[in-house]
Protein chains: 2
Amino acid sequence: MNKAKILVIDDEVQLRKLLDITLQSSDYNVLLAADGREGIVIAANNRPDLILLDLGLPDQNGQSVLKKLREWYTNPIIILSAQSNEEEIVMALDNGANDYLVKPYRTGELMARIRSLLRRGSTDDLNPVITSGAIVIDLASRLVSNNGVPVKLTVTEYALLILFARNEGRVLTHQYLLKEVWGNSYISQSQYLRVFIAQLRKKIESDPNRPKIIVTESGIGYRFVAS
Amino acid sequence: MNKAKILVIDDEVQLRKLLDITLQSSDYNVLLAADGREGIVIAANNRPDLILLDLGLPDQNGQSVLKKLREWYTNPIIILSAQSNEEEIVMALDNGANDYLVKPYRTGELMARIRSLLRRGSTDDLNPVITSGAIVIDLASRLVSNNGVPVKLTVTEYALLILFARNEGRVLTHQYLLKEVWGNSYISQSQYLRVFIAQLRKKIESDPNRPKIIVTESGIGYRFVAS
DNA sequence: CATTTCTTTATAAAATCTTTATACTTCTCA
DNA sequence: TGAGAAGTATAAAGATTTTATAAAGAAATG
């Protein structure tokens, strides 16, 4: 899964920095904007997955920034504000905010609310898939298929295939493959590797005698070729 | 546009009545439940567009009601609670709540938050039912049937099956399954898992010796295959 | 207390890994 | 070029690990 992008629009430097650190440590990609105008520009260019918007912005009324964003921006927007009067909250929510937190807010709660909003919105569940010719590797489901037909791989075979797929086009030496899949103590067991390469080819190559996906580089190692 | 249906689950009569009146005057259809058990039943039968859930319920822990609802209910859930401690809020949000309001809340704000949540969502999804071959899992009524014949499952078996069904096609590791169903301290008890998998297969597979629904991925875990 | 469900243990079966044997390919250098 | 060496491919047998299942005792349920 890809890191979610979060845009923070806040005029206070300290708060911006604090949020930056907090969000980064929760493994989000963070974008920062110091005022509404800048926020709108960055949002338009980067399409963040979520926006944290401080209502007490200097350059324009926060509510109008919210409205402008909502003209085209459909992902969640959370309002952070020192204002706790109901009128302001209701207006923000009716202007398209998905949540409203009164400052000082609690970090854990903010993070939970962010998770909650990202959870639903993430309809574009991009599950990472690697393809080479007829074979498709679905990393999230740990599923490999050849021409749509599921291929059953053992743990070791799968580890080997993944390693190849991740280094598509590159020659991987025997030592490297043995070290990565079996561990340091197996580095000299190259016969080992051959047995598994043969098994893998039997399962994914259309003609195992003339391999096109896992190609031998005599004396060095093997190479995974995607078409 | 049709009136939105809102289910209120709250044990206090006065609050329930107050919400009933407030919501009706905002032109919603209101359903009322006095405890978690009743709430789940009404939710299953009526598929409300939104649920207001009071966490201080008498019959069971509110968080567990929330979890049970979330097994199949996908529309917004707003938590109302007297508890304002962060832990409780974070837990509720992570258990699938879309919002959390601390009592006493302001009516106008609650209404705005309801509008906000109804604005997006309302992707009226059909029956939360999962099928694989002859077996049918009705998540809303917690009913499993094999060729139309009801299958009797223990709580643990059901929890396991649900976990599989929600991750159809994906390989679930032993550790993950053990953690989710039995808790962190059971992570290494994989023999355990095998016993329950065997039991489940005996109940739902047409030929338990050649399983087609719960497939073994040797060395890793199991995979649920829907047809 | 009877019944159901959970937990543990034992053992058989299956799948996978490891090793061995042998044939095949590619490379090297007289 | 072609014979030997080095490297590679593959099948298959044996060893090991992982999985399936029954069954018996413990705990929970009602």
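Note on naming: letters A, B, ... go to the chains in the order of the sequence lines (proteins, then strands), and numbering restarts at 1 for each one.
Between the OH atom of B/Tyr186 and the C1' atom of C/dC6 there is a distance of 9 Å, given to the nearest Å. In this structure, B/Gln191 places its CD atom 8 Å from C1' of D/dA20, rounding to the nearest Å. Straight-line distance from the CD atom of A/Glu217 to the P atom of C/dT26: 13 Å, rounded to whole Å. Rounded to a whole Å, the CG atom of A/Leu193 is 9 Å from the P atom of D/dA9. Protein atom CD of A/Glu157 is 6 Å distant from nucleotide atom P of C/dC17, rounded to whole Å. D/dA22 atom P lies 18 Å from atom OH of B/Tyr192, rounded to whole Å. Rounded to a whole Å, the CG atom of B/Leu200 is 14 Å from the C1' atom of D/dA20. The interatomic distance linking A/Phe196 (CZ) with D/dT10 (C1') rounds to 14 Å, in whole Å.
A/Arg106 CZ: more than 12 foreign heavy atoms inside a 6.0 Å radius.
For D/dA9, the OP1/OP2 oxygens have no side-chain nitrogen or oxygen of A/Arg194 closer than 4.0 Å. B/Trp182 has a side-chain polar atom (N or O) that falls below the 4.0 Å cut-off from OP1 or OP2 of C/dT7. A sub-4.0 Å separation between OP1 or OP2 of D/dG7 and a side-chain N or O of A/His174 is absent.
Salt bridge present: B/Lys103 and B/Glu12 bring a charged side-chain N and a carboxylate O closer than 4.0 Å. No salt bridge links B/Lys67 with B/Glu71; every basic N to acidic carboxylate O contact stays at or beyond 4.0 Å.
Of the candidate nucleotides D/dA22, C/dC6, D/dG7, D/dA22 has the atom lying nearest to any side-chain atom of B/Lys202. Nearest nucleotide to the side chain of A/Thr156, out of C/dC6, C/dC17, D/dA22: C/dC17. Each of C/dT16, D/dT10, C/dT8 was ranked by its minimum atom distance to the side chain of B/Val195; first place goes to C/dT8. The listed nucleotides are C/dT5, C/dT8, D/dT10; the one nearest the side chain of A/Asn209 is D/dT10. Distances from the side chain of B/Thr216 to the nucleotides D/dA20, C/dC17, D/dA9 place D/dA20 closest. The side chain of A/Thr154 approaches C/dC17 more closely than any other nucleotide in the set D/dT10, C/dT19, C/dC17. Considering only side-chain atoms of A/Tyr222, the nucleotide from D/dA9, C/dC6, C/dT8 that sits closest is D/dA9. Distance from the side chain of A/Arg201 is smallest to D/dT10 among C/dT16, D/dT21, D/dT10.
Counting only heavy atoms from C-beta outward, the side chains of A/Arg210 and A/Glu205 never approach each other to under 4.5 Å. A heavy-atom distance below 4.5 Å is found between the side chains of A/Lys3 and A/Asp27.
Each of A/Lys152 and B/Gln189 was assigned the nucleotide of DNA chain C with the nearest heavy atom; the assignment lying further toward the 5' end belongs to B/Gln189.
A donor N or O paired with an acceptor N or O is not found under 3.5 Å between the base of C/dT16 and the side-chain atoms of A/Gln199.
Shown here for B/Pro48 and B/Tyr73, the closest heavy-atom pair between the two residues is O-OH, 2.7 Å.
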